[in-house]
K.L.:
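Below is a structure I'd like to ask you about.
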Amino acid sequence: MAVGNLTAQTTVSGIVYDGRETLAGANVFIIGTIDGCLTDSLGRFSFTTSMTGEVTLKATFIGFEDYMLTADAGRLHHLTVHMKEQATTINEVVVTASTFSFGKSENFKTMDALDVVMAGNSCGDIVAALQTLPGTQTVGESGKLYVRGGESNECQTFVNGMHVLMPYSTNTENTAVRGRFSPFLFKGINFSLGGYGGEYGQALSSVLPMETTDAATSDKFGVSASLVDWNVGGTKAYQNSSLSFNVALTSMGLYNRLFSERFDFTRPYRKLSGEIQYKKEYNASSVLKSYVGYDLTSVGQRIEDRMLSLKEHNVYANVTHKATIGNGYTLFTGMANSTVFSDIDDAKMAGDHYHNFRHEIHLKAELRKVCSDVLKLSAGVEDYIRNSTLRYEASHYRLNYNILAGHVDAQWRIVPRLFFNLSSRIEFLESDCLLMPRATLTYIPGKHLQFSLVAGRYSQTAEDDYQAMSQKTLCQSTADHAILSIQYKSQSTLLRIEPYWKKYRRLPLLENGMYQPHGYGTSKGLDIFVEDHSLVRHLTTTLSYSFNDSKRFCLDNTELQTPDYISRHNLRLTAKYSIGKAIIGLSESYASGRHFPTGTTPHYNSVDINITYLLHPKVIIYSSLNNIFGRTNVFRYDTNGAPVVPSRDRFLYIGIFVSLKNNKAYDISNF
């Protein structure tokens, strides 16, 4: 006698697609059973089930909403399953318009600190590395950031959301300065070329927000040395907290003796720096960060019949706390202090003395809430309390003022692929009140493309010297930004094209011996950036091109004219190739001539090379040579028509970095 399975078997079949193409690997099954299968390469599925009557069929696929169909089991054949793409939540979208991100910040990673320091001509300087990006100008005699037609002081730096009054080191005139901060201090560097949200103020052109690393989980100790700087730094890790220190000495004395230069330095450039950081994670939703940095800089130079002597003390400290306070709210509070003392003997003529003191306290509080998958809100208040003193010959002033500000920001997902950010910032300076609306509309049709339209108004207080000379009658200058951003990003290629337009109003203008807010100007241009990893294995190439057309009528100008720091065309090409334990970098920088009353400079050109070699897991050697062909670039012309050139045409840097208490040399805190 034979016993058979007489239970009826029903075939369930069909195809799964997303409206445009079939989906391979989708999971299709009947809820409450183990009956099901994955779709094949053509999106087809077919399996049998012993279920009868009404059942529920479910299909799932990563990135798509679950599909469910309830029907009689006998009718589940030759189905067409249409799955809808899962809408991106407001916390997942990353709007990249006019922003370049380094390190990990807001869950968007492109480059880390090592990539920053290995930029062709950076020598470990964040500011120099950022000048390889589109939108920046080559101003060799300054070294500071000039962005999309804006002055260097129109780009403001923030550390953990708190303002830095003086982010650069100091040096003699016509000598490039460096940024004060090491890239190894930060886990995230976001460089916004314009169109930023309501959180950031007092910046007409651009902002550079940087976020320090989290609390360390292991002890670190490292040293580094080169011909121009020596460094020692370390970290002691505790349970849920860490304490870090760093001390560095920079001196050009040895380098000046080994390599000739054009300037007559009576005292070589020296800078002594010290930094301390303490970080505490009370729990997963409560983090305290603090930072204190101090720089002492001195240099002496013989300039014609005077012996210039410069000394500067620069102190910056901040403390911030971010915590979740319940019901989805996050509270951020922070305080920062910036203090700068500058003293210069023989500043403009033999026997004179220049003294300048600048001080700022920045207070900030912000409340953030993710209301739903489609809406995120934030609101904040802040206060900039500033005072400064100047003493130079017969010129004296003491200036005190504060800027009170508030902002609200709403990020809204209108439909699954369309996002809208609307913010408004209000600022009070004396009797002047400014309301500045800002908006960004972003369309993300797929994982590769992003289109954004950005518009907004931005403001900045005039420099203290102009405010004092105007007896505090100057209102804040404003700039209106309009930017169109088109970005394509694949696994191996990034392409970004951004035309922009800016209109300046209320710039300081000298009229009848008094500065008045009657200046104006425009800046328009096009930025193109291409990064590619597909040409040759282990090779990364970038192309950065900027076209800028700027006109200004401000300060002591007598007519509308192109600012003398503007190069109409800027082109930068870089290549980085990894071979074994070495990384070789090569870069080419070009800028068209700059216009001065006494003439137009020749074009700027510099070819730079650098090599990084991992000698040991704890030892890294870095070397770079800037301007390898020794071209004498003319930075500008002085009032007498004489060309201003660099102190030396080439610069060689060789450094060794050693980790003494960790397994990676890259963890040394200062470069």
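What you see below is based on every heavy atom in this structure, not just the backbone, and it leaves out hydrogens, waters and symmetry mates.
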K.L.:
For Val607 and Asn627, run side chain to side chain contact (heavy atoms under 4.5 Å, CB included): C-alpha distance rounded to whole Å, both residues' side-chain angles, the deciding distance at 0.1 Å, then the answer.
P.N.:
CA-CA 5 Å; Val607 178; Asn627 195 16; over 6 Å; no
K.L.:
Kindly give the heavy-atom pair with the smallest separation between Val177 and Lys144, and that separation in Å.
P.N.:
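So the two residues come closest at CG2-CG, 3.7 Å.
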K.L.:
Is the shortest side-chain N to carboxylate O distance from Glu281 to Lys322 below 4.0 Å?
P.N.:
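Answer for the salt bridge query: no.
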K.L.:
Rounded to the nearest 0.5 Å, how far apart are OH of Tyr622 and OG of Ser226?
P.N.:
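Spacing of OH (Tyr622) from OG (Ser226) equals 11.5 Å.
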K.L.:
For the pair Asn570 and Gln137, evaluate side chain to side chain contact (heavy atoms under 4.5 Å, CB included) and give the outcome as yes or no after the intermediate values.
P.N.:
CA-CA 7 Å; Asn570 281 265; Gln137 291 281 326; 3.4 Å; yes
K.L.:
So do Tyr17 and Thr39 actually touch side chain to side chain, heavy atoms under 4.5 Å?
P.N.:
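Not touching, per the 4.5 Å side-chain cut-off.
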K.L.:
Is the shortest heavy-atom distance from the side chain of Lys279 to the side chain of Val287 under 4.5 Å?
P.N.:
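With C-beta onward as the side chain, the pair stays apart.
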K.L.:
Could I get the full list of salt bridge (charged side-chain N to carboxylate O under 4.0 Å, His left out) partners for Arg20, not counting sequence neighbours?
P.N.:
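Partners of Arg20 by the salt bridge (charged side-chain N to carboxylate O under 4.0 Å, His left out) criterion, ordered by chain and then number, come out as Asp18.
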K.L.:
Can you tell me if Ser567 uses its side chain to pair, donor with acceptor, with the backbone of His569 under 3.5 Å?
P.N.:
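Judged by distance alone, no pair lies under 3.5 Å.
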K.L.:
Return the CD to OG distance between Gln460 and Ser477, rounded to the nearest 0.5 Å.
P.N.:
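Gln460 CD to Ser477 OG: 7.5 Å, rounded to 0.5 Å.
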K.L.:
Which atom names give the shortest non-hydrogen contact between Ser378 and Glu366, and what distance separates them?
P.N.:
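Minimum heavy-atom contact is OG-OE2, 3.9 Å.
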K.L.:
Give me the one residue out of Thr542, Thr138, Thr132 that meets side-chain hydrogen bond (donor to acceptor under 3.5 Å, both in side chains) with Arg572.
P.N.:
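Result: among Thr542, Thr138, Thr132, Thr138 is the only option passing the side-chain hydrogen bond (donor to acceptor under 3.5 Å, both in side chains) with Arg572.
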K.L.:
Test of understanding: with salt bridge (charged side-chain N to carboxylate O under 4.0 Å, His left out), list the residues that count as partners of Arg631, not counting sequence neighbours.
P.N.:
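Here no residue qualifies.
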K.L.:
Do any N or O atoms from the side chain of Glu382 and from the backbone of Tyr200 form a donor-acceptor pair under 3.5 angstrom?
P.N.:
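Looks like no, no N/O pair under 3.5 Å.
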K.L.:
Are Lys551 and Thr562 linked by a side-chain donor-acceptor pair shorter than 3.5 Å?
P.N.:
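The criterion, which ignores hydrogens and geometry beyond distance, is satisfied for Thr562 and Lys551.
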K.L.:
Would you say the side-chain atoms of Asp649 pair up with the backbone N or O of Pro646, donor to acceptor, closer than 3.5 Å?
P.N.:
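The answer is no, because no donor-acceptor pair under 3.5 Å joins these two groups.
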K.L.:
Can you tell me how the ring of Tyr316 sits relative to the ring of Phe181, calling it parallel under 30°, perpendicular over 60° and tilted otherwise?
P.N.:
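Tyr316 and Phe181: perpendicular rings.
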K.L.:
For the rings on Tyr590 and Tyr604, is their centre-to-centre separation under 6.0 Å?
P.N.:
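Ring centres of Tyr604 and Tyr590 not closer than 6.0 Å.
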K.L.:
With a 3.5 Å distance limit and no angle check, can you tell me whether Arg594 reaches the backbone of Phe635 through a side-chain donor-acceptor pair?
P.N.:
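Yes; judged by distance alone, with no hydrogens or angles, the pair exists.
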K.L.:
Verify whether one side chain among Thr235 and Ser244 offers a donor that lies under 3.5 Å from an acceptor in the other.
P.N.:
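Short answer, yes.
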K.L.:
Please name the pair of heavy atoms, one in Ala336 and one in Met162, separated by the smallest distance, quoted to 0.1 Å.
P.N.:
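Nearest pair, atom of Ala336 first, then Met162: CB-CB, 3.7 Å.
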K.L.:
In terms of side-chain heavy atoms, does Ser485 have a donor or acceptor partner in Glu498 at a distance below 3.5 Å?
P.N.:
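A pair is found: one side chain offers a donor N or O, the other an acceptor, under 3.5 Å apart.
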K.L.:
For Tyr545, which residues count as a ring pair (Phe, Tyr, Trp, His ring centres under 6.0 Å) partner, sequence neighbours excluded?
P.N.:
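None.
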K.L.:
Heavy atoms only: give me the nearest Ser41-Ala24 pair and the separation to one decimal.
P.N.:
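Reported closest heavy-atom pair: CA-CB, 3.8 Å.
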K.L.:
With sequence neighbours excluded, tell me which residues meet side chain to side chain contact (heavy atoms under 4.5 Å, CB included) with Leu422.
P.N.:
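Residues passing side chain to side chain contact (heavy atoms under 4.5 Å, CB included) with Leu422: Phe420, Ala439.
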K.L.:
Answer yes or no: is there a side-chain heavy-atom contact under 4.5 Å between Ile620 and Thr612?
P.N.:
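Sidechains of Thr612 and Ile620: in contact.
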K.L.:
So does Pro445 get a backbone contact from the side chain of Arg417, meaning a donor-acceptor N/O pair under 3.5 Å?
P.N.:
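Looks like yes, one N/O pair under 3.5 Å.
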K.L.:
Working to the nearest 0.5 Å, report the span between CG of Asn27 and CG of Asp66.
P.N.:
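The CG atom of Asp66 is 10.0 Å from CG of Asn27, to the nearest 0.5 Å.
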K.L.:
Distance check, rounded to the nearest 0.5 Å: Arg650 atom CZ versus Leu625 atom CG?
P.N.:
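If we round to the nearest 0.5 Å, Arg650:CZ and Leu625:CG are 7.0 Å apart.
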K.L.:
So, does Ser546 use its side chain to make a donor-acceptor pair with the main chain of Gly135 at under 3.5 Å?
P.N.:
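A pair under 3.5 Å: yes.
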K.L.:
Salt bridge between Asp373 and Arg413, side-chain N to carboxylate O under 4.0 Å?
P.N.:
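Result for this pair is no, no salt bridge flagged.
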K.L.:
Does Asp480 come within less than 4.0 Å of Arg457, counting only side-chain N to carboxylate O?
P.N.:
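Looking at Asp480 and Arg457, the cut-off is met.
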K.L.:
Applying ring pair (Phe, Tyr, Trp, His ring centres under 6.0 Å), name anything that partners Tyr196, two or more places apart in sequence or on another chain.
P.N.:
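Expected list: Tyr458.
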K.L.:
Given 3.5 Å as the limit, does a donor-acceptor pair link the side chain of Ser206 with the main chain of Val147, or not?
P.N.:
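Absent.
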K.L.:
Could you check whether His481 and Tyr500 have their ring centres less than 6.0 Å apart?
P.N.:
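No, the ring centres sit 6.0 Å or more apart.
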K.L.:
Could Glu154 and Arg148 be called an ion pair, given the rule that one side-chain N must be under 4.0 Å from one carboxylate O?
P.N.:
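So Glu154 does not pair with Arg148 through a salt bridge.
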K.L.:
Between Thr442 and Ser452, do the side chains contain an N or O donor and an N or O acceptor separated by less than 3.5 Å?
P.N.:
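Yes.
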K.L.:
Does Leu208 offer a backbone N or O that forms a donor-acceptor pair with the side chain of Thr157 under 3.5 Å?
P.N.:
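No; judged by distance alone, with no hydrogens or angles, the pair does not exist.
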K.L.:
Could you tell me which residues satisfy ring pair (Phe, Tyr, Trp, His ring centres under 6.0 Å) with Tyr146, sequence neighbours excluded, listed by chain and number?
P.N.:
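Once residues adjacent in sequence are excluded, the partners of Tyr146 under the ring pair (Phe, Tyr, Trp, His ring centres under 6.0 Å) criterion are Tyr565.
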K.L.:
Does a side chain donor of either Asp549 or Ser523 reach within less than 3.5 Å of an acceptor in the other side chain?
P.N.:
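Short answer, no.
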K.L.:
Identify whether the distance between the nearest side-chain nitrogen and carboxylate oxygen of Glu531 and Lys489 falls below 4.0 Å.
P.N.:
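No.
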K.L.:
Inspect the surroundings of NZ in Lys524 and state if more than 12 heavy atoms from other residues, nucleotides or ligands are less than 6.0 Å away.
P.N.:
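Incorrect, the count does not exceed 12.
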K.L.:
Look up atom OG1 in Thr136 and atom CG in Leu130, then write down how far apart they are to the nearest 0.5 Å.
P.N.:
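The CG atom of Leu130 is 8.0 Å from OG1 of Thr136, to the nearest 0.5 Å.
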K.L.:
Ignoring hydrogens and geometry beyond distance, is a side-chain donor-acceptor pair present between Asp409 and Asn421 at under 3.5 Å?
P.N.:
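Asn421 and Asp409 do have a side-chain donor-acceptor pair below 3.5 Å.
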K.L.:
Report yes or no: is the cationic atom of Arg552 (NZ for Lys, CZ for Arg) closer than 6.0 Å to the six-membered ring centre of Tyr504, at no more than 45° off its axis?
P.N.:
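The answer is yes; both the distance and angle limits are met.
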K.L.:
With a 3.5 Å cut-off and no angle check, do the side chains of Asn605 and Asn633 form a donor-acceptor pair?
P.N.:
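Checked: Asn605/Asn633 side chains show no N/O donor-acceptor pair below 3.5 Å.
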K.L.:
For residues Thr541 and Asp532, is any side-chain donor paired with an opposing acceptor at under 3.5 Å?
P.N.:
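No, Asp532 and Thr541 have no side-chain donor paired with an acceptor closer than 3.5 Å.
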K.L.:
Among side-chain atoms of Gln156 and His163, is any donor-acceptor pair under 3.5 angstrom?
P.N.:
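Looking only at side-chain atoms, His163 and Gln156 do form a donor-acceptor pair, the distance falling under 3.5 Å.
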K.L.:
If you measure from the Lys or Arg side-chain nitrogens to the Asp or Glu carboxylate oxygens, is any gap between Asp214 and Lys289 under 4.0 Å?
P.N.:
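Salt bridge: yes.
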